[in-house]
Participant: 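Shown below is the structure under consideration.
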Amino acid sequence: MKKVFTLVSLLLGPIVLMAQQNCQNAQSVEAGTTAVSFSAGSQIPTPICTAGQNNDPDMGAWFAYTPTELYTVTVSTAASGEDTRVHIYSGSCGSLTCVGGDDDSGGAPDYSAIATFTAEAGVTYYIAFDNNWSSTNFSFTLTEAEFVAPAFTQQSVTISGTLSCVADMNGDYLDDIVGVDDGVVHILYQTESGFTPVDVPAQNSVISPSWSIAAGDYNKDGYNDLLYGSGNGAAIMISNNTGTAFSTKLETPDSFLSQRTNFVDINNDGELDAFICDDNAPNVYFLNDGAGGGEFKRSGLDGSPDLGTYVSGGNYASLWTDYDNDGDMDLFIAKCRGANNDAAKDELHRNNGDGTFTNVAQEMDFADYHQAWSSAWGDFDNDGYMDVLVGSNAGLDGSLFSQKLMRNNGDGTFTNITEGSGLDTFNGTSRDYVTHDFNNDGYLDILGGGHYILYNNGDMTFTVADGAPGSGPVGDLNNDGFLDIQNGTLLHLGYDNGNNWLKVHLKGLQSNSNGIGARVEVYTSPDDKMIREIRSGDGFEYMGSLNAHFGLGQTDAIDRVVVKWPSGITDVIENPDINEALMVTEGSFILGRNDVNSNIFSIYPNPVKNVIQFNTDANIAITHAYVYDLSGRLIISQAVTAKSIPVQELSAGTYVLILKDESGRHHAAKIVKE
């Protein structure tokens, strides 16, 4: 019997090899273990269904699987001990669509592939391996399990470029996908039915987003600009006023290794600045001049504030957050260097509110020697204060370093609560850690650690779910209220599990037009709230949506939404609808018809025909007045010499009046022109 089996195996061997050579002749497989062999001239799998490197494989092996029932299927090469890459397709051989794929989820040392997908009864799926990493023969195991609703489903797209960015690029507040290469910005504009690809010309530059990318409206024309970080320095690509080209640029005058880049209003003048981490020297930034240009600054020189001034750098991922709830943005820098090198110590720079910053990392227990690379700041326990997971890409000299979970005590201090949180036993490592509510249960989760999502249990503990998408930009890429993750040409679309949600879109007037630095608060009862900050650039390299996203779980009503703008203006929206996007223009939801600080500021008459009058506290002098329509267009801008401004030329309608006092604070009120 053994001899017969051997003879049959020898006879079938060439047939099996032939069957694996291309999609048309893919070898049929069922649940169980199957041998994989590569042969010269075989079809190379395309499209690529994984993120990461594509090193031009020249062979492929193909299998066809048709389930008889609805299953959750896992394809794994973990038992093979080989570094493998797998792609899973639906469709026909001439028109394949990615539904799954993986590279390296098996982890060190083998870096095997583990991919899970939903398989529908009667549908043929093509499972294809390539020799991107190894041409050695191996085997894979296909496992069928009872269908469980996935956290994500997959969709393939075509996008070129180095690092990707997810942001609204045409002013409709839908998240688009951006890739950059060879002086062209490739944009997939999101529509109701999918994406429309457009190649937008850009200024030629030796600087490309090889290390990081950020987006924001630097020149305040209504279209987002791009900030590249590269090994040659950094560059701002500035759009024209129709969003059809990036017609101007600002480049750093020196060549240096740029890591994380951010758009942020450092001096809170209503204009976005461009902050750039320097790997080998103190950090740098462009201070926006309000006319599309910028003054180049290096931290700590010529009176500029300390925004990371360690002489040999080590600056990897900057994140701007208001950790002490005082209304201005502080700066955390996740760093990287070797053992006992002070450049490795993470930094927390407290904004003193007077244009200066103080590094308080040592006293706050953040100044660790390890390779953090990035951090995830969010209110994990919904108490109104920003907590943080300090990430880990490696420890000292390549050893592992556990992630560090720090709870904000609400008094300007933190407590290390890693032990018992579920993160003390988690040894995953990653360059990128970001926090979002992926299952819309009302608690912020963490993406990072190499194909893991750390799901928040609501009590400052986390459950590690493996088999998740790898790191990538996050946004709502099909406008369904659930957050999605882009990994190269594969989108991982959040699965609608029935939980409710709210998205908040911001239009700044006195603040920067994106509202970067604003805090959005959602109250599900008079006292229960969730908070989000608008940030340009988090994690280590990617750029995610500038819209604020809130999962609501089964909560079916919202008490109010509060938007606290960088200018100091506060908008309050009572009882907004759920499962919708809420648009908030700065100053358009001021409580009542007068400023919220009604004890120091009042306007009359309102409604008004010709002249609006205002009274203020005797100690406050108004220096300038602005009137905007509710679309954000500036209608009137004038210096104030008396306690009134003429408005007779305004058309009938509702406007936002913003008065600037001599201290630089802004006071807003809605006015109605008769």
Side-chain angles (χ1 to χ4, degrees), residues 217-222 265-273 287-295 327-328 353-355 506-518 563-571 584-651 653-673:
D217 188 2
Y218 183 80
N219 61 349
K220 221 167 183 178
D221 66 350
D265 188 354
I266 296 173
N267 57 359
N268 203 21
D269 64 351
E271 307 286 345
L272 284 180
D273 309 304
L287 204 61
N288 196 328
D289 63 8
E295 182 181 2
D328 50 37
D354 59 1
L506 298 186
K507 172 64 177 177
L509 301 179
Q510 285 300 110
S511 303
N512 65 85
S513 61
N514 303 105
I516 292 168
V563 180
K564 297 179 178 178
W565 297 87
S567 66
I569 292 170
T570 298
D571 283 299
V584 182
T585 299
E586 185 175 12
S588 61
F589 290 94
I590 298 294
L591 281 176
R593 285 185 173 170
N594 292 327
D595 184 82
V596 288
N597 299 318
S598 57
N599 59 319
I600 63 170
F601 177 82
S602 63
I603 61 173
Y604 62 93
N606 194 11
V608 60
K609 289 184 177 180
N610 298 314
V611 178
I612 194 80
Q613 308 279 343
F614 51 86
N615 281 329
T616 64
D617 184 279
N619 296 322
I620 296 178
I622 300 300
T623 62
H624 213 98
Y626 310 88
V627 176
Y628 294 86
D629 66 20
L630 295 186
S631 71
R633 185 166 60 98
L634 180 63
I635 307 298
I636 295 174
S637 174
Q638 68 174 63
V640 172
T641 56
K643 293 185 177 181
S644 63
I645 59 169
V647 294
Q648 62 266 28
E649 294 184 2
L650 294 178
S651 301
T654 302
Y655 298 86
V656 178
L657 168 66
I658 297 178
L659 300 179
K660 180 181 179 181
D661 67 31
E662 59 187 354
S663 69
R665 283 183 54 82
H666 300 90
H667 310 270
K670 284 187 291 186
I671 60 173
V672 178
K673 175 63 168 63

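Everything quoted here is computed from the prediction, not taken from an experiment. What you see below is based on every heavy atom in this structure, not just the backbone, and it leaves out hydrogens, waters and symmetry mates.
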Participant: Considering non-hydrogen atoms only, spot the tightest contact between Ile645 and Gln638 and give its length.
Facilitator: CG2-NE2, 3.4 Å
Participant: Counting distance only, does the side-chain N/O of Lys507 pair as donor-acceptor with the main-chain N or O of Ser513 below 3.5 Å?
Facilitator: no
Participant: Of the non-hydrogen atoms in Glu586 and Ser567, which two are nearest, and what is the gap between them?
Facilitator: OE2-OG, 2.5 Å
Participant: Considering non-hydrogen atoms only, spot the tightest contact between Asn610 and Gln648 and give its length.
Facilitator: O-OE1, 3.0 Å
Participant: Under 6.0 Å from the NZ atom of Lys564, do we count more than 12 heavy atoms belonging to anything else shown?
Facilitator: no
Participant: What is the distance from atom CG of Leu657 to atom CD1 of Ile671, rounded to the nearest 0.5 Å?
Facilitator: 5.0 Å
Participant: Which residues pass the ring-ring contact (aromatic ring centres under 6.0 Å, His included) test with Tyr626, not counting sequence neighbours?
Facilitator: His624
Participant: Is a side-chain donor or acceptor of Asn606 paired with a backbone partner of Lys670 at a separation under 3.5 angstrom?
Facilitator: yes
Participant: Could you tell me whether a side-chain N or O of Asn268 sits under 3.5 Å from a main-chain N or O of Pro566, the two making a donor and an acceptor?
Facilitator: yes
Participant: For Leu634 versus Ser637, what's the shortest heavy-atom pair and its separation?
Facilitator: CD2-CB, 3.9 Å
Participant: Are the side chain of Asp289 and the backbone of Ala291 linked by a donor-acceptor contact shorter than 3.5 Å?
Facilitator: yes
Participant: With a 4.5 Å cut-off on side-chain heavy atoms, are Val563 and Phe589 touching?
Facilitator: no
Participant: How close do Trp565 and Ser511 get, heavy atom to heavy atom, and via which atoms?
Facilitator: CB-OG, 3.6 Å
Participant: Of all the heavy-atom pairs spanning Pro605 and Ile612, show the shortest one and how long it is.
Facilitator: O-CD1, 3.1 Å
Participant: Check whether any side-chain heavy atom of Leu509 lies under 4.5 Å from a side-chain heavy atom of Thr585, and answer yes or no.
Facilitator: yes
Participant: Could you give the distance from CD (Glu649) to CD1 (Ile636), rounded to the nearest 0.5 Å?
Facilitator: 7.5 Å
Participant: Please check: side-chain N/O of Lys660 versus main-chain N/O of Gln510, any donor-acceptor pairing under 3.5 Å?
Facilitator: no
